[in-house]
K.L.:
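Take this structure, written in structure tokens, and hold onto it; I'll ask about it next.
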There are 2 protein chains.
Amino acid sequence: MNKVNKPATIKEIAKKLKISPSTVSRALNDHPSIGLVTTMRVKKMAEELNYEPNQTAIFFKQRKTFTIAVILPSLSEPFFSFAISEIENVASAQRYTVLMGQSLDDPDREEQILKTFKNHRVDGILMSIGKKTTNLEFIEKLESSGIPVVFFDCVPSLPNINKVQSDLSTGMNEAVDAFVARGHKVIALVNGPKTLPASEDRKVAYLSAMKRNGMDILEKNIIETDLSTEGNEKAMDSIFAMSERPSAIISFNDFVTLDLMKAARNKGLVLNQDIFFISYANYPLWQYMENPPMGRIEQFPGMQARKAAEILFERIENSDVADQQIVFKSRLVM
Amino acid sequence: MNKVNKPATIKEIAKKLKISPSTVSRALNDHPSIGLVTTMRVKKMAEELNYEPNQTAIFFKQRKTFTIAVILPSLSEPFFSFAISEIENVASAQRYTVLMGQSLDDPDREEQILKTFKNHRVDGILMSIGKKTTNLEFIEKLESSGIPVVFFDCVPSLPNINKVQSDLSTGMNEAVDAFVARGHKVIALVNGPKTLPASEDRKVAYLSAMKRNGMDILEKNIIETDLSTEGNEKAMDSIFAMSERPSAIISFNDFVTLDLMKAARNKGLVLNQDIFFISYANYPLWQYMENPPMGRIEQFPGMQARKAAEILFERIENSDVADQQIVFKSRLVM
DNA sequence: CTGTTAGCGCATTCAC
DNA sequence: GTGAATGCGCTAACAG
């Protein structure tokens with residue numbers, strides 16, 4: 001099993017056939033100027049010798065790697081899994097391969113990965129930035145060295161970049177509307193840490209949706225969690241302790257909701273009777289649950305990723321297309 | 001944004017410094033024979049000119065890409081997501097990058113992806129084969145052209161290959177033991193299609209575990225589903241219609257169990273009272289459920305993948321290490 | 001239609 | 001300690 005056969009090269013085919021390497025190269029690439037007979041002979045010999053093009057040589061020579069890179073905070077989160085799968089589909093349809101890295105929300109690691117991808121001379125990068133990423137110089141660096149970057153989901157709030165994101169407010173509006181329509185008087189938001197832009201977006205959307213529905217806005221109805229299970233349980237504790245306890249809760253994401261629901265059950269509350277939930281979806285399991293949350297706000301990770309990939313390939317093909325900022329509406333699904 | 005700066009090369013550094021390119025190359029690689037002063041000067045100039053090594057050239061020259069490839073049936077299934085994440089961790093610790101492809105259980109697509117990876121001259125491949133893959137010649141081809149392949153989870157049943165897999169029987173034993181200990185008399189297996197090796201493995205494990213517990217084995221208690229939701233519902237129908245209806249069900253995987261549970265509820269059965277479930281885990285949500293299955297049989301995808309990656313790197317580093325066939329015990333978790 | 005030549009950027013062997 | 005020369009495998013400009 002350890003006998004390594006060095007694969008045949010164009011040169012060897014040429015020698016066997018007593019023709020020049022360039023002819024062989026052209027024949028293999030179906031260059032129109034090469035005679036049919038020659039082309040056939042070359043291909044036959046290539047077959048016989050088990051010729052396989054050395055892509056590393058081609059990449060080097062062509063200054064093109066037919067590879068895109070994807071860098072995400074995590075490769076194991078369902079939200080990103082859907083994204084990854086779609087990206088692979090788009091890329092493989094374009095005959096590109098996909099390099100992957102996860103930053104784990106560590107800016108240093110993120111930077112390191114980007115550097116590696118850059119040195120690999122990938123043809124483009126798809127990215128969702130980490131929660132703690134603040135230094136955005138890398139974008140200009142990559143773009144100016146000819147590597148297009150398209151962001152999705154977690155995108156920098158810069159103009160003149162290419163990005164695909166979700167408008168959190170539409171789903172929030174629908175969620176608040178739905179709660180109000182069902183007669184809920186106290187609607188709470190269990191939000192993530194203030195440091196996250198994603199939290200700020202949710203808060204703004206919540207305030208506007210509440211106002212739009214003519215609801216009273218009370219600061220105490222905006223509860224913050226650090227997104228850990230303990231944090232979520234504490235959030236439920238504080239909700240439970242409130243005098244005018246909310247009957248409807250919109251939460252940061254599914255993980256939070258699942259913890260809140262569990263905590264609520266433990267306190268003797270009956271789901272979808274004493275208390276109702278809607279969350280920003282990131283963990284698809286509602287269809288299987290006996291007593292699922294009332295609804296979820298979908299952000300369509302697969303669709304976002306697909307669109308981002310399509311934009312990336314547009315930019316790879318044609319380097320001077322205009323910047324694109326796409327916003328998909330989030331939607332309440334019940 | 002479209003001004004593309006061609007990155008500096010070693011040659012340019014050499015010219016600026018009026019020294020030879022080879023010296024620059026050596027200095028950048030901290031070659032001991034280069035004087036400290038020269039090395040410093042070179043590095044400083046490299047910094048100034050924003051030099052970045054052209055990895056495509058290095059890959060080509062060194063016949064090594066510092067890249068491993070991962071090919072899986074699907075990139076969006078949670079089971080594989082965990083695997084991917086672990087692989088990325090191992091690889092990035094070794095300063096390797098990771099190329100990904102999904103076969104979608106299509107043998108042609110799988111073959112195409114493998115070919116691409118081979119032409120990319122990846123240094124090694126991690127693979128879980130598709131459900132319909134029968135032609136295994138590619139293994140020998142890859143190995144003989146110097147690309148080590150390590151399989152995990154869905155592995156070919158060949159000797160002399162490197163693989164990491166899960167022993168389904170240990171968890172099955174524990175599951176049947178647990179049911180018997182709780183007094184269940186009729187324990188059914190809802191299995192996948194006969195065509196899958198994974199189904200055969202489960203069946204063998206089930207038969208042996210039942211026998212080991214002195215239980216009667218009835219053919220009708222082995223129900224087959226095509227794994228679709230409809231198929232799963234039909235499976236529940238047939239269970240419901242049985243005269244000696246099973247009170248305990250071990251099923252192919254979580255998706256099956258979730259459908260069965262839903263169907264059981266719809267028929268008025270009370271979970272964990274009238275009917276109990278254990279399944280091979282592939283979708284982690286039990287901890288969040290109000291009324292979860294009694295248990296799950298864990299196969300530890302992350303651990304399998306990590307081990308497979310470690311073996312791959314061993315083989316990449318040292319091409320003549322012995323073949324390794326690792327089997328991790330599956331375990332019942334309640 | 002085909003051959004000759006050159007060069008991509010780098011590491012490395014051989015000189016000095 | 002440093003420089004000159006070579007070649008990895010391939011494509012493409014130029015020449016016929």
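Letters A, B, ... mirror the listed sequences (proteins, then strands); counts begin at 1. Hydrogens, waters and symmetry mates are skipped; everything else that's a heavy atom, side chains included, is used.
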K.L.:
Along DNA chain D, 5' to 3', what are the outermost nucleotides having an atom less than 4.0 Å from a heavy atom of chain A?
P.N.:
D:dC8 to D:dA13
K.L.:
B:Asp108: what forms a side chain to side chain contact (heavy atoms under 4.5 Å, CB included) with it, not counting sequence neighbours?
P.N.:
B:Asp106
K.L.:
Given A:Gln324, which of A:Lys307, A:Lys163, A:Glu314 fulfils the side chain to side chain donor-acceptor pair (under 3.5 Å) condition?
P.N.:
A:Glu314
K.L.:
Is it the case that B:Lys61 places NZ or CZ above or below the six-membered ring of B:Phe59, under 6.0 angstrom from the centre and within 45 degrees of the axis?
P.N.:
no
K.L.:
I would like to know whether A:Arg109 and B:Glu88 meet salt bridge (Lys or Arg N to Asp or Glu O under 4.0 Å); could you show each step before the answer?
P.N.:
CA-CA 12 Å; A:Arg109 181 161 172 157; B:Glu88 201 271 351; 2.5 Å; yes
K.L.:
Would you kindly give the CZ-to-P distance between B:Arg26 and C:dA15, to the nearest whole Å?
P.N.:
14 Å
K.L.:
Is there a donor in the side chain of B:Glu111 and an acceptor in the side chain of B:Asn135, or the other way round, less than 3.5 Å apart?
P.N.:
no
K.L.:
Apply the salt bridge (Lys or Arg N to Asp or Glu O under 4.0 Å) test between B:Asp123 and each candidate in B:Lys118, B:Arg95, B:Arg315, B:Lys64; give the one that qualifies.
P.N.:
B:Lys64
K.L.:
Is any side-chain heavy atom of B:Glu86 closer than 4.5 Å to a side-chain heavy atom of B:Met303?
P.N.:
no
K.L.:
Which residues, if any, of residues 41-66 of chain A bring a heavy atom under 4.0 Å of DNA chain C?
P.N.:
A:Phe60, A:Lys61, A:Arg63
K.L.:
Just how large is the angle between the end axes of the helix from C:dC1-D:dG16 to C:dC16-D:dG1, five pairs per end, to 10 degrees?
P.N.:
40°
K.L.:
Rounded off to whole Å, could you give me the CD1-to-P distance for the B:Ile34 and C:dT12 pair?
P.N.:
13 Å
K.L.:
According to side chain to side chain contact (heavy atoms under 4.5 Å, CB included), who are the partners of B:Thr39, at least two apart in sequence or on a separate chain?
P.N.:
B:Ala27, B:Asp30, B:Ile34, B:Lys43
K.L.:
Starting from the C-alpha separation in whole Å, work towards a yes-or-no answer on salt bridge (Lys or Arg N to Asp or Glu O under 4.0 Å) for A:Glu310 and A:Arg306.
P.N.:
CA-CA 6 Å; A:Glu310 286 167 357; A:Arg306 165 169 289 276; 3.6 Å; yes
K.L.:
Could you check which residues of residues 9-24 of chain B get a heavy atom under 4.0 Å from DNA chain C? Sort them by number, please.
P.N.:
B:Thr9, B:Ile10, B:Lys11, B:Ser22
K.L.:
Let's go through A:Asp105 and A:Lys131 carefully: what are the C-alpha distance in whole Å and the side-chain angles of both, what is the deciding distance for salt bridge (Lys or Arg N to Asp or Glu O under 4.0 Å) to 0.1 Å, and is it a yes or a no?
P.N.:
CA-CA 6 Å; A:Asp105 287 319; A:Lys131 287 186 177 52; 3.7 Å; yes
K.L.:
Rounded at 0.5 Å granularity, tell me how far CD in B:Glu110 sits from CG in B:Leu72.
P.N.:
10.0 Å
K.L.:
So do the side chains of B:Leu99 and B:Thr116 get within less than 4.5 Å of each other, counting heavy atoms only?
P.N.:
no
K.L.:
Which residue is it: A:Ile68, A:Leu312, A:Leu114? I am looking for the one with a side-chain contact (heavy atoms from CB on, under 4.5 Å) to A:Ile125.
P.N.:
A:Leu114
K.L.:
Which residue lies toward the 5' end of DNA chain D, A:Asn29 or B:Thr39, if each is placed at its nearest nucleotide?
P.N.:
B:Thr39
K.L.:
Rounded to whole angstroms, how far apart are CG on A:Leu36 and P on C:dC1?
P.N.:
10 Å
